Amino acid sequence: MLGEFEYLLITAAASLADAAYGAAIRQEIEDATQKSCAIGAIYTTVDRLEAKGLLRTWMGEATPQRGGRAKRMVEVTPAGMKAAKEFYLAVERVSRDASWGPSGARRPV
Amino acid sequence: MGAKRSEEAGVKVAWRLSEWASRLLEPAEREAVLGDLTEAGRGPLLSFVEVFDLVLRRQAGHWKNWRPWVAAFGISVPTSFLFMGDSVALCAGFVKLAGDATGGNIAPGIMILALKALVLTGWSWTCGYLVGDVSGRTLWCSILAYGSPCLFCLSRFRIESLSRSSLLLFVFPLAVGIWHGLRGPRVGSRMAVCAASIITLLAVISEVCGPGGTGNACSWIGSLVLTCPAWFLAIASLAVTKESAKPETSLLEREQHESI
């Protein structure tokens, strides 16, 4: 099962599609969580997910905005999409009866 | 004016620190991270903190593997003390021989000491090669593990007839071994077995002909410990030769093996 941060990263990358790379993924996660995210956490997690076969990365093109430095592009593999979906469904199932869940009601004791 | 200048100087220093810290990363990752920080418009100090954070995470990641632990604490620390002991014994032997030079024939004594010097060189080189090969990315820690006992013993060295540098005869062959382990071509299996056999034979001869003869158990144990890395290298190179004869392993498996 994915970890919480791994899920955030995979989902951010999937949402960004062709524009998924380090800085963009970080911005996406920071916007979603409303908390700052270390670039170190992003890259170590990307490596871990790539080793598990859930992501694929390659060096992209350099741009002037980046001081002429290349980006590390990220793409979610089919296995990564499956893992993210499983995590999402598990969270949905376990949150069903929580007070903050979709039903908003507690299970009777 | 003065405040602006010192602020600019501070910004320059912070950027330099970021560039310096990023050199500890892989080239591709350095490029990506510095590019991301530039794009995000992070200030120089924050950039340095972020880069340093990633460097620490990468270094910590290496220590999940057994290799750096073995290199630093299994090889470097114990062999450092043993090498220093052998270096001092070798120097003391030469000094004693020089003192006895007015006496009879010193040729056998010189031959035995030359043999011990060769054995020490062989031991140092093989340990250095093993440390360089096994723990390339945590080499700084292995070097620290070699250096700390040296500094400790240098500060407590009290033999008046010898210089403090007599502790460090092993350093040059060790450094050459580390360089070869890190950058040089892999030692072939035949060469490794041959080297291990020669080192073992020379070590046995130097122990038998040495002052303790066959009775000095501590000296024999020390020699055995110092000969182990040479045999480990021989066995490892035989295993690599056997592996390379098999069908190609996956890129991921090869990268995982090479990652430390």
Side-chain angles (χ1 to χ4, degrees), chain A residues 3 5-6 8-9 12-13 16 18-75 77-80, chain B residues 11-12 14-65 67-68 137-138 249-260:
Chain A
F5 190 73
E6 290 174 336
L8 287 173
L9 197 146
L16 289 163
D18 292 340
Y21 63 98
I25 292 171
R26 176 156 87 159
Q27 192 59 55
E28 191 79 4
I29 292 174
E30 286 182 346
D31 289 345
T33 59
Q34 297 295 303
K35 284 182 181 165
S36 66
C37 173
I39 201 88
I42 299 278
Y43 280 106
T44 48
T45 307
V46 162
D47 282 347
R48 195 165 60 243
L49 292 171
E50 193 174 23
K52 290 181 190 175
L54 306 180
L55 291 179
R56 189 175 76 87
T57 69
W58 67 97
M59 292 307 287
E61 54 190 50
T63 61
Q65 294 88 351
R66 297 171 58 82
R69 294 186 168 105
K71 307 174 187 178
R72 188 175 176 188
M73 305 304 296
V74 176
E75 184 187 58
T77 62
Chain B
V11 164
K12 253 188 183 173
W15 277 122
R16 284 241 170 98
L17 281 173
S18 300
E19 293 272 336
W20 169 80
S22 69
R23 282 177 212 276
L24 298 170
L25 299 171
E26 293 296 308
E29 186 164 63
R30 178 166 66 236
E31 175 133 337
V33 167
L34 290 178
D36 286 347
L37 293 170
T38 307
E39 189 182 318
R42 302 277 166 163
L45 194 59
L46 256 175
S47 298
F48 169 67
V49 168
E50 299 237 44
V51 169
F52 195 62
D53 169 68
L54 180 56
V55 166
L56 285 180
R57 285 173 193 259
R58 288 292 183 218
Q59 281 294 314
H62 295 319
W63 290 89
K64 287 183 193 169
N65 195 286
R67 290 181 172 88
R137 291 181 194 190
T138 55
T249 51
S250 74
L251 180 63
L252 189 64
E253 280 173 325
R254 268 188 271 129
E255 280 176 353
Q256 278 173 346
H257 176 72
E258 285 163 16
S259 66
I260 296 292

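It should be emphasised that the depicted structure is a prediction, and the values quoted were computed from it without experimental measurement. Chain letters run A, B, ... following the sequence lines, proteins first, then strands; residues in each count from 1.
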Go through the steps for A/Asp47 and B/Arg57 under the test salt bridge (charged side-chain N to carboxylate O under 4.0 Å, His left out), then give the verdict. CA-CA 12 Å; A/Asp47 282 347; B/Arg57 285 173 193 259; over 6 Å; no
Full working for side chain to side chain contact (heavy atoms under 4.5 Å, CB included) between B/Thr38 and A/Gln65: CA-CA 7 Å; B/Thr38 307; A/Gln65 294 88 351; over 6 Å; no
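Salt bridge annotation for B/Glu39-A/Arg66: present, with a cationic side-chain nitrogen under 4.0 angstrom from a carboxylate oxygen.
Atom CG of A/Asp18 has 12 or fewer heavy atoms from other residues, nucleotides or ligands within 6.0 Å. The local environment of CH2 in B/Trp20 is sparse, with at most 12 non-hydrogen atoms from other residues, nucleotides or ligands closer than 6.0 Å. Residue A/Phe5 places its CZ atom among more than 12 non-hydrogen atoms of other residues, nucleotides or ligands, all under 6.0 Å distant. Shown here is B/Leu24, whose CG atom has more than 12 heavy atoms of other residues, nucleotides or ligands within 6.0 Å.
Scanning all heavy atoms of the two residues, the minimum distance from A/Cys37 to B/Glu50 falls at O-OE1, 4.4 Å. Closest non-hydrogen pair, B/Asp53 versus A/Gly40, comes out as OD2-CA, 3.7 Å. Taking both residues in full, the closest heavy atoms of B/Glu29 and A/Tyr43 are given as OE2-CB, 3.7 Å, listed atom of the first, atom of the second, then distance.
Applying side-chain contact (heavy atoms from CB on, under 4.5 Å) to B/Glu31 and the options A/Lys71, A/Arg69, A/Arg72 leaves one that passes, A/Arg69.
Remark: B/Leu37 CG to A/Ile39 CD1 distance equals 5.5 Å, nearest 0.5 Å.
Both the backbone and the side chain of A/Ala41 come within contact range of chain B, each with at least one heavy atom under 4.5 Å from a heavy atom of that chain.
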